[in-house]
*Asks:* 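Structure incoming, see below.
Convention: sequence-line order gives letters A, B, ...; per-chain numbering from 1.
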4 protein chains.
Amino acid sequence: MARLKSEDKRNSILSAAVEVFAERGLAAPTAAITTVAGVAEGTLFTYFRTKDELVNTLYREIKMELADAMMSGFPRKASVRHRLQHVWDQYVEWGIAHEKQHKVLRQMMVWEGLTGDAKAAGSAPFVEIDAMAQDAVAQRLVKDLPRPFIAATMSALADTAIDFARQDPKRAGMYQVSGFEMLWAGIARRS
Amino acid sequence: MARLKSEDKRNSILSAAVEVFAERGLAAPTAAITTVAGVAEGTLFTYFRTKDELVNTLYREIKMELADAMMSGFPRKASVRHRLQHVWDQYVEWGIAHEKQHKVLRQMMVWEGLTGDAKAAGSAPFVEIDAMAQDAVAQRLVKDLPRPFIAATMSALADTAIDFARQDPKRAGMYQVSGFEMLWAGIARRS
Amino acid sequence: MARLKSEDKRNSILSAAVEVFAERGLAAPTAAITTVAGVAEGTLFTYFRTKDELVNTLYREIKMELADAMMSGFPRKASVRHRLQHVWDQYVEWGIAHEKQHKVLRQMMVWEGLTGDAKAAGSAPFVEIDAMAQDAVAQRLVKDLPRPFIAATMSALADTAIDFARQDPKRAGMYQVSGFEMLWAGIARRS
Amino acid sequence: MARLKSEDKRNSILSAAVEVFAERGLAAPTAAITTVAGVAEGTLFTYFRTKDELVNTLYREIKMELADAMMSGFPRKASVRHRLQHVWDQYVEWGIAHEKQHKVLRQMMVWEGLTGDAKAAGSAPFVEIDAMAQDAVAQRLVKDLPRPFIAATMSALADTAIDFARQDPKRAGMYQVSGFEMLWAGIARRS
DNA sequence: GATGAATGAGTCTTCATTCAT
DNA sequence: GATGAATGAAGACTCATTCAT
């Protein structure tokens, strides 16, 4: 039997890509990636047909990691506010801890080459969060706004908090906390 | 005397650049720009020494247009909330009306080639807004947060509102209004 | 009547060309020449149809200046050795004093664009020297070698002397004198 | 393993460069070289990072070949005159036999892009000749002139002899012989 | 499967020359 | 005639992708 494609090699390419894209943007040459990955230039193309496919795959993988991080320890039974805060905290903390992944993710989100597939696969793991949002709206705890708009708002605020936490690590906690307060104040109904 | 460097031609190159960058990203070839502008490839380089210089110039120009839009009719004597809302509304409306400029601006803001000069020139016209923010914090109308953080939050929320208004124009007004309400609820002190 | 082409302008272009070619080689852009000459880019082309024509013209002009220098005070009636030495000294001194012209001349001599015309015109003023050489060979003062070979040898030695005099000006006189001695020893018949 | 960078291909590029530079000057396009070499345009750049590097490499290689030619059969124990004549003959014969290399070498010697490294590497193989010259001066066989001046004179005369031998091949031997006689007469002390 | 040399289309930029003013 | 902006054909170099080994 022929040698099997090695999961290891695939993974080194993927993490090299994170490294390189974070530092040099998505326009970085594939050769830079293979160098960092310690494989030959051609090897990349046995694991990913094209550079675009690599990026799309990477998008999915990072989204999955992020979803894992966000859902780990999700307090299914807590109040909406607590559940939302859990999600917020996990995202912000992940963004700070995984600076490169976060940077690359943001580049990919404004990249014009993402396939519909990748987008769908990337958002799949967030169904539970969406369910929570739906629930919250239904319970009239949260303003009656389109859910995607709420989600986007949350993302935007969290990314901002992450950026500031990175630049000014001493006040990271403050950005994280007040970001969430702003979010909650913004979307919760006044009691 | 020979043909003078025409302001017109410079402007067609600049608007062609907006067109092309909005559609194909900053990596679009200069030849695509000159084609759209209806000039020869070389002509671009009599107006801008390099592609980077073109992008930096474009950044400044768009920032100035945006500043003009945002400050036009600024109600200097109105309440903080009204002044803030004015700025918000103007920005969101500009972003909707000038879709391409807005897209390009966002690409340029994450571009690594912006010169310090361009950044400085681009933020200069916003001093008045910053003054307002400082004022608002001093008056304890607004939470005591770092001003750049407030500004970034506002940007992030406004960009989100613009995106949604674009995708779903029928509810554009709703996104604009509720976006601002979220912002205000988020940053204003509870009375 | 239309304005006449100005001899002045033509000359500033020609000397600017010397300046620029000496420093940057014959590949220097015509725009560099017009800048130094203080005229518009297009003006060069009303005096010289193409860049090649400019170079060919320059070749002729420098050759003429050189011939003037070499023949000035030529001691028609002196001995062969004295006449030859006069020519040698004048050439070497001209080369040292007109460093740029000399450099440019040497570049043009290995340039592939020189027209036959220019070459002919350039060598015309040297007939008298050639006559002297012919005379010297006939009188059996000088070895029986093809005259162009003698001329080329002299040029080569003189250029070498000029180069060393330029690099090491304190010993300029020594290079000039021993260069000539080498030439004479090389070509004169042993008595 | 993949195709290894082939010494053959490197060499065809290098000899194509000689071909092309000899005919069209150092300004010839790299594409002309790759066409002659029978490889793709990009291939040149896997062997030489830049065009300048190619030229510098070529300089070294030609200088080495020349040194080999000049030193082959060098009669270490013969008289100064014989040793010098050996060097002269070998150089002139090499120049005649390797017309293109000789032409290109002369262009490279007046080229402004040669690195110090290349110059040093190029002159290294000639130490033995320099030692001989030093020896000759010390023994008072040769006039007391700066060695570099003697070397340059020899070069200049040899290049002249080569040029004439090429244009007039029937008398090649005569140019070679009388060139050397002129050199020796020029630099030897009169006994 | 892995390797990395080979490929050639594509990119920015330069520059001799033209031509509207 | 003078000016200098306009032109577009090169030219050096890059890089995703292929393919011989």
Side-chain angles (χ1 to χ4, degrees), chain A residues 1-6 9-10 27-35 38-54, chain B residues 1-6 9-10 13 27-34 37-54, chain C residues 1-6 9-10 27-35 38-54, chain D residues 1-6 8-10 13 27-35 37-54:
Chain A
M1 197 185 8
R3 246 167 303 176
L4 290 172
K5 285 195 214 178
S6 117
K9 214 155 272 187
R10 198 185 113 101
T30 52
I33 296 170
T34 54
T35 300
V39 301
E41 287 187 41
T43 301
L44 190 153
F45 294 91
T46 76
Y47 290 90
F48 308 95
R49 246 178 346 195
T50 63
K51 189 186 185 185
D52 277 23
E53 187 180 304
L54 165 65
Chain B
M1 216 199 312
R3 269 165 291 182
L4 288 175
K5 239 187 267 194
S6 100
K9 201 152 288 184
R10 198 186 113 100
I13 292 170
T30 52
I33 297 170
T34 53
V39 300
E41 289 190 35
T43 300
L44 191 153
F45 296 93
T46 74
Y47 289 89
F48 308 95
R49 252 182 337 222
T50 62
K51 188 187 184 183
D52 277 24
E53 187 180 303
L54 165 66
Chain C
M1 202 192 352
R3 247 167 303 177
L4 291 172
K5 285 195 214 178
S6 121
K9 214 155 271 190
R10 199 186 111 99
T30 53
I33 297 170
T34 53
T35 301
V39 301
E41 287 186 41
T43 300
L44 191 153
F45 295 90
T46 77
Y47 290 90
F48 308 95
R49 248 179 340 195
T50 64
K51 187 186 185 184
D52 277 24
E53 189 181 303
L54 165 66
Chain D
M1 217 200 308
R3 267 163 294 182
L4 287 175
K5 242 189 265 195
S6 102
D8 266 21
K9 200 150 288 184
R10 196 187 114 102
I13 292 171
T30 53
I33 296 170
T34 54
T35 301
V39 300
E41 290 190 34
T43 300
L44 192 153
F45 297 93
T46 75
Y47 289 90
F48 307 96
R49 251 181 336 219
T50 62
K51 188 185 184 185
D52 277 24
E53 187 180 305
L54 166 66

*Asks:* List for me each residue that meets side chain to side chain contact (heavy atoms under 4.5 Å, CB included) alongside A:T50, sequence neighbours excluded, and say none if there are none.
*Replies:* A:D52, A:E53
*Asks:* Can you check the A:R49 CZ to F:dT18 C1' distance for me, whole Å?
*Replies:* 15 Å
*Asks:* Would you give the length of the straight line joining atom CZ of C:F48 to atom OG1 of C:T30, rounded to the nearest 0.5 angstrom?
*Replies:* 12.0 Å
*Asks:* Report each atom pair, protein N/O against N/O of nucleotides 9-11 of chain E, whose distance is under 3.5 angstrom.
*Replies:*
none

*Asks:* B:I13 CD1 to F:dT7 P: how many Å, rounded?
*Replies:* 9 Å
*Asks:* Start at the 5' end of DNA chain F and walk down; is the nucleotide closest to B:G38 or to A:A31 reached first?
*Replies:* B:G38
*Asks:* Rounded to the nearest angstrom, tell me the gap between atom CD1 in C:I33 and atom C1' in F:dG4.
*Replies:* 17 Å
*Asks:* Between D:K9 and E:dA6, is there a side-chain N or O to OP1/OP2 distance below 4.0 Å?
*Replies:* yes
*Asks:* Would you mind reading off the distance between C:L44 atom CG and F:dG1 atom P, rounded to a whole angstrom?
*Replies:* 15 Å
*Asks:* Can you tell me if the side-chain N/O atoms of C:T43 get under 4.0 Å from OP1 or OP2 in F:dA2?
*Replies:* no
*Asks:* Which residues satisfy the side chain to side chain contact (heavy atoms under 4.5 Å, CB included) test with B:A40, sequence neighbours excluded?
*Replies:* B:T43
*Asks:* Step by step, work out the side chain to side chain contact (heavy atoms under 4.5 Å, CB included) result for B:L44 and B:V39.
*Replies:* CA-CA 8 Å; B:L44 191 153; B:V39 300; 5.8 Å; no
*Asks:* Separation of B:F45 atom CZ from F:dG4 atom P, in whole Å?
*Replies:* 22 Å
*Asks:* Would you classify A:T50 as touching base, sugar-phosphate or nothing, given that sugar-phosphate means primed atoms plus P, OP1 and OP2, and contacts are heavy atoms under 4.0 Å?
*Replies:* sugar-phosphate
*Asks:* In whole angstrom, what separates C:F48's CZ from F:dG1's C1'?
*Replies:* 15 Å
*Asks:* Check side chain to side chain contact (heavy atoms under 4.5 Å, CB included) between D:A27 and all other residues, then give those that pass, not counting sequence neighbours.
*Replies:* none
*Asks:* Please give the stem ranges for DNA chain F, sorted by first residue number, where a stem is three or more consecutive Watson-Crick or G-U pairs and both donor-acceptor distances are under 3.5 Å.
*Replies:* E:2-21 with F:2-21
*Asks:* Looking only at atom types and distance, does a side-chain atom of A:Y47 sit under 3.5 Å from a main-chain N or O of A:L54, one as donor and one as acceptor?
*Replies:* no
*Asks:* So, OP1 or OP2 of E:dG1: does either fall under 4.0 Å of a side-chain N or O from A:Y47?
*Replies:* no
*Asks:* To the nearest 0.5 angstrom, please state how far the CD atom of D:E41 sits from the OG1 atom of D:T34.
*Replies:* 5.0 Å
*Asks:* Does a side-chain N or O of C:T46 approach OP1 or OP2 of F:dG1 to a distance below 4.0 Å, or not?
*Replies:* no
